Engineer: 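Just passing along the structure, written as structure tokens.
Chain letters run A, B, ... following the sequence lines, proteins first and then strands; every chain starts at 1. Quantities reported herein were computed from a predicted structural model and do not represent experimental measurements.
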Amino acid sequence: MNFDFSDDQKLLQQTARDYLAAHSPLSTCREILESDAPYAAALWKGAAEMGWQGAVIPEEFGGAGFGHLELAMIAYEVGRALAPIPFGPSVFVATEAILRHGSAAQKSAWLPKLANGSAIGTFAFTEKPGQNAAEAIAASVKDGKLSGVKLPVADGDVANLAVVAAKENGETGLYLVDLAGSGIERKTLESFDPSRSQATIRFDGARCEKLAGADANAIARLLDRAAVLTAFEQIGGADRALEITRAFIVGRYAFGKPIAANQAIKHRMADLWCEIEIARSNAYYAAWALANEDAELPVAACLARIAAADAFEKTTIEMIEFHGGVGYTWEYDCHLFYRRAKQLAGLLGTPKYWKNLLIDRLSTKKGAAQAA
Amino acid sequence: MNFDFSDDQKLLQQTARDYLAAHSPLSTCREILESDAPYAAALWKGAAEMGWQGAVIPEEFGGAGFGHLELAMIAYEVGRALAPIPFGPSVFVATEAILRHGSAAQKSAWLPKLANGSAIGTFAFTEKPGQNAAEAIAASVKDGKLSGVKLPVADGDVANLAVVAAKENGETGLYLVDLAGSGIERKTLESFDPSRSQATIRFDGARCEKLAGADANAIARLLDRAAVLTAFEQIGGADRALEITRAFIVGRYAFGKPIAANQAIKHRMADLWCEIEIARSNAYYAAWALANEDAELPVAACLARIAAADAFEKTTIEMIEFHGGVGYTWEYDCHLFYRRAKQLAGLLGTPKYWKNLLIDRLSTKKGAAQAA
Amino acid sequence: MDFNDTPEEAAFRAEARAWLEKNARPRTSMTPTISGEDLTAEIVKQSQAWQKKKAESGWACITWPKEYGGRGATPIQNAIWGQEQANFETPPDVFSIGIGMCGPTILTHGTPEQKKRWIPKLITGEEIWCQLFSEPSAGSDLAGLRTTAVKQGDEWVVNGQKIWTSGAQICEWGILVVRTDPAVAKHAGLTFFVVNMHSPGIEIRPITQINRGQGFNEVFFTDVRIPDDQRISAVGNGWAVSITTLMNERMSIGSGMGVGAIEDLVGFMDGIEIDGRPASEDRQVRERIAEFVVKARGLKYTSLRTLSALSQGKTPGPEASMSKLVGAVLQQHAASFAMEMAGTSSALRGEAAPAQAAWQERYLSLPGLRIAGGTDEILRNIIAERVLGLPPDARADKGLAFKDVPTGPPKA
Amino acid sequence: MDFNDTPEEAAFRAEARAWLEKNARPRTSMTPTISGEDLTAEIVKQSQAWQKKKAESGWACITWPKEYGGRGATPIQNAIWGQEQANFETPPDVFSIGIGMCGPTILTHGTPEQKKRWIPKLITGEEIWCQLFSEPSAGSDLAGLRTTAVKQGDEWVVNGQKIWTSGAQICEWGILVVRTDPAVAKHAGLTFFVVNMHSPGIEIRPITQINRGQGFNEVFFTDVRIPDDQRISAVGNGWAVSITTLMNERMSIGSGMGVGAIEDLVGFMDGIEIDGRPASEDRQVRERIAEFVVKARGLKYTSLRTLSALSQGKTPGPEASMSKLVGAVLQQHAASFAMEMAGTSSALRGEAAPAQAAWQERYLSLPGLRIAGGTDEILRNIIAERVLGLPPDARADKGLAFKDVPTGPPKA
């Protein structure tokens, strides 16, 4: 019984934290937020040198050959730093999709580039606001050519490779598209969190390659994997937000005492801490299931996702409130967290999707258990 | 512009409060809770002498001939006192049903008895747990004979008259049943709030009389009216619970100061106060709509019902918590409120019913406005 | 219980409406602006012109005394005027602080000379006013402010910094509370002034909010001189004067919550698709919206009850704090929910997300509303202590001279 | 990250399981009892017999030192034992307070003689123990207790009243904290004793809870004499000793939250009909349950993390407070929701409402769990101060002698 990360994994995490402390202080996030640059290119390159993008890519394809527990630790640190790089879409989704469904040729073509950071991957799934079932996708493939409009695509303006959900002969599947090819038009969109880039991509007979076996069910399982890793990113952000808030309220005096001495604040801090701990425990469980490809993964992914998204958003809302007036200024960092929490919660499906999926999966498991 | 009760109405309210202070202290509620007596018979009689049961019954039928605003004030005081009498089912539902749908003969037969308290009315609608649509009712009428089982019926063990929902030729309607007749079997059920009585009634070819025009839609409108009056009862209970809690936390010292000086308590008291005020304002609006038979009544009834049930329950939960250990004892009165809040919330349909109805009605109104 | 005007009220309403119909265009449907917008010179000019027009016909500051240019009207008449004016297109208002807070304070505590000097030009819109209260280290604990004024002859010399001053750059005058005696308890050492915003030594720097709005400023004072005849009330009486301002502030912020937009969620959800059906058919969506609407309507009807109380000659008390406390959080939650339902598109903003633009704007502006004019926590204290009569918080600064009150962590 | 036992752990688990299989029947599915039930003589007898059987084979109080009858096992072995034992039918446990709180306190602070005198019979189940800490006016503020002990020769004479003592009527011994010096600050004037519950002058009165359970008692002391050799630790050191007890209490309450039942809501909603369909198909119902399950599972996995920490030799700290804080409110809300969905039937109880009986029982028992062993508010303070390192509340009784601490509203 050891429901914790190993010392080696924690050492890797500390290395990541040190690297990000040096190369991605919050001012790095702010720079991207305030400039037209879509992401921090030097940081992206540095991360690749640290082996982060290739964490779960086998060494034969130029990856570091770590496991998903190591990647979870990296995701946590990327989240803590609010690192303004296209990490999640490229590593949690595109790379995973190729690892699970790519042919030998597809792997050889893309994994080395994804691992060394020379290629950025993304996931082009949704087409309109709301919650889109895989069945409702309008993009279509005929004779190896993809047509359709994806909106929004995270990092769609800078990605080199898209994993696109589309229909062919009425069946939903995933397709690899080299975004340097023809028949592709992309447009950067205004992002709610300008430290992370958003775009729309119009495919007009773009060349694409099918990912074998990536049907609607496989897409759902891919989302599960990405959700677990994203949960670590969210918890990283929540932890950092809570720490910054803690430091502020202890140092800020009103009525002759630190404002942290007020129960109105300290008790809500305790509640936030509980929310984050509950998210952390669910995420640990999901990481275990992911690393072991355990049958619990589908349920665990829902738990991790729901708890982490909620904990991060709640923490950032209170973060501004407890900072008072300065928390509402552009100059302070609270809004970086407030925006990132919403941005990450918007990826990969609504809370409604995950909550209903959780009940489906619990009921199915129960039904199966009763039938057995 | 005068969105308030009149001085005359407030005087009536004060009279009711004084009467209940003398004749229904909380020990009266506790007596019924702890004994086998189903309700406080002397109080019921006294209330009738004050004209409460007949508040909206015209003088020609022995009523006081007040209006619904006056009845709302009485309902509020009945709620404040946790009066252990079958007031709501008899006055808010059975009496209203006969007033709106009864024939001259039916009115003459029952209203005088309902007004002077010699008859207790009730509403027999639900047949099983959950939320039953009027369409799903199984009880049926043929040739003036009613058959079916109603569960639970508030005060069903002591009522003299039931307004029963049943189907005849596939159409839902309401029927008057004199419970002294034959073909009726009733059984007292264990009540979650033993200060209010619950029963099941089995009708086996019991004689019944149709209430004209009381179709499914009319039943919904009857529930609206009862919901508004019940909201006042709930707000009365919430106000009293908050007052008792306030007195306790101001007098109870810990750490050398009143526990009310802790923000953990005082801020949640402020939140409860806001909840109750919001319920009060919605209830006032609904009372105005009810008294004026205004087209706003359907929406206003939903608002009043949802807010009042929620405010009362929340207040009673905090009431126990803020009382600490003694609040969890049988000896203290907190649980009288905790039980009554649930009992009243269980009557007349779930929050789910009222919330979905509110959205239906808002959408319909909007649709109608757009079409116009 | 009656929503109709009395005959007198109806007559007044008709008079107001007639004047408005002659002088303004009816409002067309529009989303109300809820973020601080840039105060361009053009906007200021339009606002002043409208104020002047109203003043000339007796419709500006109608509850203020006739002798200074007001109409001497009742609070209920003022509310009726507000309802009617809301039906017409009017320029953005640069006078809300002057009329809502500065004027009432001077009318309550100023000398006849002071009233004569400032009130008429405030009413005609000739001079715009701002408020200089909060400081970087004195927000909720306003009485802990550190800007000082020292008497030199007939003048006071002011040094320090104020913050959260709306519209400072367009103002002629500001009301200012400063510390004139650090050796006494914190509330006792304050004095209240009117300061000319063009005085040498005043520097104004705009603050950018998280929604990129710039409604507020920092104002720095370096040896700014204020003549003693611009002092309001006695030396050391600044706290009592400030309370008048703050009570007026809370009433004016709370009444403008605009929770009516909550019901727009029903329509918004018609346009969002969830699993192939409109979100408005999803029961979780419906019930959540119902909960929002119940609160929003409750606040609306509460304001009608307040108006009734006004109509009966009562003064609204601390219960007015509820509107901002409940309304701001309500709108923040509703905005978050609307964004959530937009799914992946919630990561978009502006033109890229037109349907949810208003909700996003709320999500970015509401955190500020929860803080401005009293944080949620201060408002809960007010309701708990002044409505429910619960005891005050234990105070660490009780009985201490201001200079001895801890202002930061002890040095290691 | 690994949920499997180490080889040593697996061997220990096998040994425990083998013994249990020989000595108890496997547990059949049953709703755990969560309300205080009557301690009949029969139950006490069964409980003692089971404890004796375990003690004879070295399975009672397994982490306690061998010299007093324990097994000298590790905390992780204890956890494994607990997991295994939970799979078997065992009698209601009347030793949880003795083993969870009294024993550890005596083992930490008692003299060798005291340990030898009390621990062995505690382990064998021969003597049952209770705790005498809370008083009617000292709950959250335990150190404000007023029961006094005065030294007379070699004895102490105790007068006062304790409350919330579980099982007082069946106990041989109780641990007791009392005030021995009212002239010093409140924490400094306390002393800790072991009292024989059959001593003359002790009167026990059961308390009826709101769910009609009678798990607790009031205990009145009138000139009760305690020999000085039953004093634990020094005179005036009672607070430090009590803290040991309280830390053990919180760990044992928090770990028994039984939030597993939350997932039963899914099945419960299959049996409830809403508008002609099972409630489990209603999205609002589903999403609400999902939120409950996320919290319940989070608590479950948190306890596994705690177990891992134990396994690595770490001591669980104040973060253990979370389980009770979050779990109790969670269950109260889930119970309220289940009742709500039952509609009109939620007004029924017992046999009349079989499907919801367990949820109703929770709705009536959870308010007590939110208070016992530290209210929600105390637990939030503990997490805020001891986990997050936030400053303590301002204290009105700081530096005062106990007799000078205000205990009620000032007299008019």
Engineer: Is it the case that the side chains of E331(B) and T208(D) hold a donor-acceptor pair, with the cut-off being a distance below 3.5 Å and no angle test?
Structural biologist: no
Engineer: Identify which part of I272(D) has an atom lying under 4.5 Å from any heavy atom of chain B, answering side chain, backbone, both or neither.
Structural biologist: side chain
Engineer: Answer yes or no: does atom CD of E243(B) have more than 12 heavy-atom neighbours from other residues, nucleotides or ligands under 6.0 Å?
Structural biologist: yes
Engineer: Tell me which of these, R380(D), E351(D), E340(D), has more heavy-atom pairs under 4.5 Å with chain B than the rest.
Structural biologist: E340(D)
Engineer: Which answer fits E318(B), side chain, backbone, both or neither, if we ask what part of it has an atom under 4.5 Å from a heavy atom of chain D?
Structural biologist: side chain
Engineer: For a quick test of reading the model, state the closest non-hydrogen atom pair linking Q343(B) to A347(D) and the distance between them.
Structural biologist: CG-CB, 4.3 Å
Engineer: Please step through side chain to side chain contact (heavy atoms under 4.5 Å, CB included) for the pair T350(B) and M339(D), ending with a clear verdict.
Structural biologist: CA-CA 10 Å; T350(B) 61; M339(D) 288 178 70; over 6 Å; no
Engineer: Measure A353(D) against the heavy atoms of chain B and call it side chain, backbone, both or neither at under 4.5 Å.
Structural biologist: neither
Engineer: Any side-chain heavy atom of W330(B) sitting closer than 4.5 Å to one from Q209(D)?
Structural biologist: no
Engineer: When only pairs under 4.5 Å are counted, which of G324(B), A345(B), A136(B) shares the most heavy-atom pairs with chain D?
Structural biologist: G324(B)
Engineer: Does any heavy atom of chain D fall under 4.5 Å from the side chain of T126(B), the backbone, both, or neither of them?
Structural biologist: side chain
Engineer: Counting heavy-atom pairs under 4.5 Å with chain B, which one of S137(D), G139(D), G144(D) comes out on top?
Structural biologist: S137(D)
Engineer: What part of R340(B) gets within 4.5 angstrom of chain D, counting heavy atoms only: side chain, backbone, both, or neither?
Structural biologist: neither
Engineer: Among G271(D), S336(D), S140(D), who wins on heavy-atom pairs under 4.5 Å with chain B?
Structural biologist: S336(D)
Engineer: Minimum heavy-atom separation for I371(D) to I320(B), with atom names?
Structural biologist: CD1-O, 3.8 Å
Engineer: So what's closer than 4.5 Å to chain B heavy atoms on L364(D): side chain, backbone, both or neither?
Structural biologist: both
Engineer: Heavy-atom count check: over 12 atoms from other residues, nucleotides or ligands less than 6.0 Å from R202(B) CZ?
Structural biologist: no
Engineer: Of all of S346(D), P367(D), A394(D), which one pairs up most often with chain B through heavy atoms under 4.5 Å apart?
Structural biologist: P367(D)
Engineer: What part of R196(B) lies closer than 4.5 angstrom to a heavy atom of chain D: side chain, backbone, both or neither?
Structural biologist: neither
Engineer: Under 4.5 Å, counting heavy-atom pairs only, tell me which of Q263(B), H335(B), K352(B), R339(B) racks up the most with chain D.
Structural biologist: K352(B)
Engineer: Go through the atoms of A355(D) and report whether side chain, backbone, both or neither lie under 4.5 Å from a heavy atom of chain B.
Structural biologist: neither
Engineer: Quick check on the 6.0 Å ring-centre criterion: do Y338(B) and Y363(D) meet it?
Structural biologist: yes
Engineer: Minimum heavy-atom separation for L33(B) and R212(D), please, with both atom names.
Structural biologist: O-NH2, 4.0 Å
Engineer: Can you confirm whether K167(B) is buried at NZ, in the sense that more than 12 heavy atoms of other residues, nucleotides or ligands lie under 6.0 Å from that atom?
Structural biologist: yes
Engineer: Please classify the contact of K398(D) with chain B as side chain, backbone, both or neither, using a heavy-atom distance under 4.5 Å.
Structural biologist: neither
Engineer: Any idea which of Y332(B), F125(B), F255(B) has the most non-hydrogen atom pairs under 4.5 angstrom with chain D?
Structural biologist: F255(B)
Engineer: Please walk me through it: do D275(D) and N356(B) pass side chain to side chain contact (heavy atoms under 4.5 Å, CB included)?
Structural biologist: CA-CA 11 Å; D275(D) 298 334; N356(B) 280 287; over 6 Å; no
Engineer: Only pairs of heavy atoms separated by less than 4.5 Å count here; which of A261(B), G251(B), G325(B), A264(B) has the most with chain D?
Structural biologist: G325(B)
Engineer: Given side chains that start at C-beta, do those of L348(D) and E190(B) come closer than 4.5 Å, heavy atoms only?
Structural biologist: no
Engineer: Does any backbone or side-chain atom of N381(D) lie under 4.5 Å from a heavy atom of chain B? Answer side chain, backbone, both or neither.
Structural biologist: neither
Engineer: K355(B) versus chain D, heavy atoms under 4.5 Å apart: side chain, backbone, both or neither?
Structural biologist: neither
Engineer: For I207(D), is it the side chain, the backbone, both, or neither that has a heavy atom closer than 4.5 Å to a heavy atom of chain B?
Structural biologist: side chain
Engineer: If I compare all heavy atoms of S345(D) with all of P129(B), which pair ends up nearest, and what's the gap?
Structural biologist: OG-CA, 3.4 Å
Engineer: I need the residue from P258(B), P351(B), A309(B), G349(B) with the largest number of non-hydrogen atom pairs under 4.5 Å to chain D.
Structural biologist: P351(B)
Engineer: What do the steps show when you test T344(D) against V153(B) for side chain to side chain contact (heavy atoms under 4.5 Å, CB included), and what is the final call?
Structural biologist: CA-CA 9 Å; T344(D) 309; V153(B) 182; over 6 Å; no
Engineer: What distance do E377(D) atom CD and I259(B) atom CD1 have between them, rounded to the nearest 0.5 Å?
Structural biologist: 9.0 Å
Engineer: Do T375(D) and E321(B) pass the side chain to side chain donor-acceptor pair (under 3.5 Å) test, and can you show the C-alpha distance, the side-chain angles, and the key distance before you say yes or no?
Structural biologist: CA-CA 8 Å; T375(D) 61; E321(B) 179 71 11; 4.8 Å; no
Engineer: Could you tell me which non-hydrogen atom of V326(B) sits nearest to which non-hydrogen atom of W164(D), and how far apart they are?
Structural biologist: N-CZ2, 3.7 Å
Engineer: Given the rule in the side chain to side chain contact (heavy atoms under 4.5 Å, CB included) test, do Y328(B) and S365(D) qualify, once you have shown the distances and angles that lead to the verdict?
Structural biologist: CA-CA 9 Å; Y328(B) 190 59; S365(D) 63; 3.7 Å; yes
Engineer: Counting heavy-atom pairs under 4.5 Å to chain D, which of A154(B), C334(B), S191(B) comes out on top?
Structural biologist: S191(B)
Engineer: Of all of D141(D), L400(D), D397(D), which one pairs up most often with chain B through heavy atoms under 4.5 Å apart?
Structural biologist: D141(D)
Engineer: So for S134(D), is it side chain, backbone, both, or neither that comes closer than 4.5 Å to the heavy atoms of chain B?
Structural biologist: neither
Engineer: Who among A279(D), P136(D), A138(D), G276(D) has the most heavy-atom pairs with chain B under 4.5 Å?
Structural biologist: P136(D)
